[in-house]
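Have a look at the structure below before the remarks.
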2 protein chains.
Amino acid sequence: MISNFSQSEENYIKAIYHLQQADGSVTTNELAGMLHTKPASVTDMLKKLKAKKLLHYERYKGFHLSIEGKKVALSIIRRHRLWEYFLVSKLQFGWDEVHEVAEELEHVRSHKLIDKLDFFLNHPKFDPHGDPIPDNNGKMSMQHHIQLIELPLNTQAEVTAVNSQSSELLELLQHKNIHIGTKLEVKRKFGFDNSFELKIRNKPAVNISKQLAQALNVKPL
Amino acid sequence: MISNFSQSEENYIKAIYHLQQADGSVTTNELAGMLHTKPASVTDMLKKLKAKKLLHYERYKGFHLSIEGKKVALSIIRRHRLWEYFLVSKLQFGWDEVHEVAEELEHVRSHKLIDKLDFFLNHPKFDPHGDPIPDNNGKMSMQHHIQLIELPLNTQAEVTAVNSQSSELLELLQHKNIHIGTKLEVKRKFGFDNSFELKIRNKPAVNISKQLAQALNVKPL
DNA sequence: AATAAATTTTAGACAAACCTAAAAAATTAT
DNA sequence: ATAATTTTTTAGGTTTGTCTAAAATTTATT
Ligand SMILES: [Mn+2]
Ligand SMILES: [Mn+2]
Ligand SMILES: [Mn+2]
Ligand SMILES: [Mn+2]
């Protein structure tokens, strides 16, 4: 019941969870790349996590989390995203600055702490990057959002998430006065450079590049 | 500038700081006792901390922190007490529940995090147990408080700190409606059992035992 | 002052989490 | 199908922080 994994084990579990979202299965090199470690170290850890039944793993075959492993991963992600929300909403961090700190805070394990933090923050459903925060049972609100680049012309939509956490993106979005929750519609697309003309209510039209459009997710209203 | 000590090193440094407040100098066995570790492990760590110039240490002679070591200790204590204050004032923990969690949170090192937390909490000067929170430069407000047991009769005083963090003490104080900040005076002392009769403004008289009187610090007004 | 007891240190091991270099297996190119 | 290349694992080390048992030193007792 009171899971007790090392910081290192938790970082591996979380990384595997994120990687397997894409392929379903993860390779040693992929994981080593994500954790800035060496493949040999990954193999060592895989054996340990397999012994703890968190992982399905046959040597040379790749691996993915067990049901139990996924539960653990979701509880780590819950802690990570709740802390990110706290840092931005209460301590006034920018969303480009919170990842590193949350990467440490997520390892402070205390059920009471997380429950009370969740209550204090009023049970937020999404973190500052628009990613869903799993609840106590690992359930997350599903956003059926699309990339802004795929939004049809003249359709009202709301910005729901960013696909990058770089300061450069935040800087640009602040300059253009776009943030999570902003309602907008695409008025024109220019084929030459794939740039867009956006309209935000009561504001002059804004132009955004293809790269920026790809970095934003929106939900049609 | 960006000090980077392991969690273990930080725990040793903080424990040495607290122990040397009493004697001025600390012994291997004392420290082992405080950290629930063995004397041999302490000796190992002493060598490491000495090499890092945080400690004055000659074998078989005892040891105490260097100026630099004290600075590090104070910054850890600052983090510990700020987090305790946060847990009690924002997350509604009882002050008997915060120590363990703060013991972990104190190791999340990020200057920005602590500065912003301090700002968010409005620069508190004392933690929930009445202990002073060092500022960014290691300075703490000095409380010239005394044990309640030493307070003269009929002298108005304010409760400033508790000498124990046990749930039992908190339970008793809550029952008697005494907390940090409560203003009271001692009306009588009974020689037979050293119990006290207290008067709190607009409240009926309360009786407290010698043990309880020893657990409370007060500042005469 | 000599002996006994307690404290502290050293020597040698161990687990966790990493690493490098070499071997084994799988994949891909010829 | 064979050879070349890439991926993964194994073998053997290293560092950190711990431990037990034995040796060295200090302190207390007679
Ligand atoms: Mn992490
Ligand atoms: Mn996030
Ligand atoms: Mn600690
Ligand atoms: Mn405290």
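Lettering follows sequence order; numbering is per chain, from 1. All values below were derived from every heavy atom in this structure, side-chain atoms included, with hydrogens, water molecules and symmetry-related copies excluded.
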Open item on the list: Whether Ser6(B) contacts dT16(D) is assessed here as follows: a side-chain N or O lying under 4.0 Å from the phosphate OP1 or OP2. Is that the case?
Closed with: no
Task: Separation of dT16(D) C1' from Asn11(B) CG (nearest whole Å) - done: 14 Å
Task: Over all atoms of both residues, closest heavy-atom pair of Asp96(A) and Ser167(A) - done: OD2-OG, 2.8 Å
Open item on the list: Counting only side-chain nitrogens and oxygens, does Ser8(B) get under 4.0 Å of the OP1 or OP2 atom of dT18(D)?
Closed with: yes
Task: Spacing of Leu31(B) atom CG relative to dT9(C) atom C1', expressed in whole Å - done: 15 Å
- [ ] May I ask you to decide if Lys53(B)'s main-chain N or O and Ser66(B)'s side chain share a donor-acceptor pair within less than 3.5 Å?
- [x] yes
Task: Main-chain N/O of Gly33(B) paired with Thr37(B) side-chain donor or acceptor, under 3.5 Å - done: no
Open item on the list: Rounded to whole Å, how long is the line connecting atom CD of Gln7(B) with atom C1' of dA16(C)?
Closed with: 15 Å
Task: Between dA16(C) (C1') and Phe5(A) (CZ): distance, integer Å - done: 15 Å
Task: Phe190(A) six-ring face occupied by Lys210(A) cation (under 6.0 Å, within 45°) - done: no
TODO: With sequence neighbours left out, write down each residue that passes side-chain hydrogen bond (donor to acceptor under 3.5 Å, both in side chains) with Ser164(B), or none if nothing qualifies.
DONE: Ser166(B)
Task: Integer-rounded Å distance: dT14(D) C1' and Asp44(A) CG - done: 13 Å
TODO: Find the distance Asn4(B):CG to dT15(D):C1' and express it as a whole number of Å.
DONE: 15 Å
Task: Partner set under ring pair (Phe, Tyr, Trp, His ring centres under 6.0 Å) for His18(B), not counting sequence neighbours - done: none
Any N/O pairs under 3.5 Å between the protein and nucleotides 4-9 of chain D? List them or say none.
residue: dT8(D); atom: OP2; partner: Asn29(A); partner atom: N; Å: 2.9
residue: dT8(D); atom: OP2; partner: Asn29(A); partner atom: OD1; Å: 3.4
residue: dT8(D); atom: OP2; partner: Asn29(A); partner atom: ND2; Å: 3.4
residue: dT9(D); atom: OP1; partner: Tyr57(A); partner atom: OH; Å: 2.4
residue: dT9(D); atom: OP1; partner: Tyr60(A); partner atom: N; Å: 3.1
residue: dT9(D); atom: OP2; partner: Thr28(A); partner atom: OG1; Å: 3.0
residue: dT9(D); atom: OP2; partner: Thr43(A); partner atom: OG1; Å: 2.9

Open item on the list: Please report the distance, rounded to the nearest Å, between CE in Met45(B) and P in dT9(C).
Closed with: 15 Å
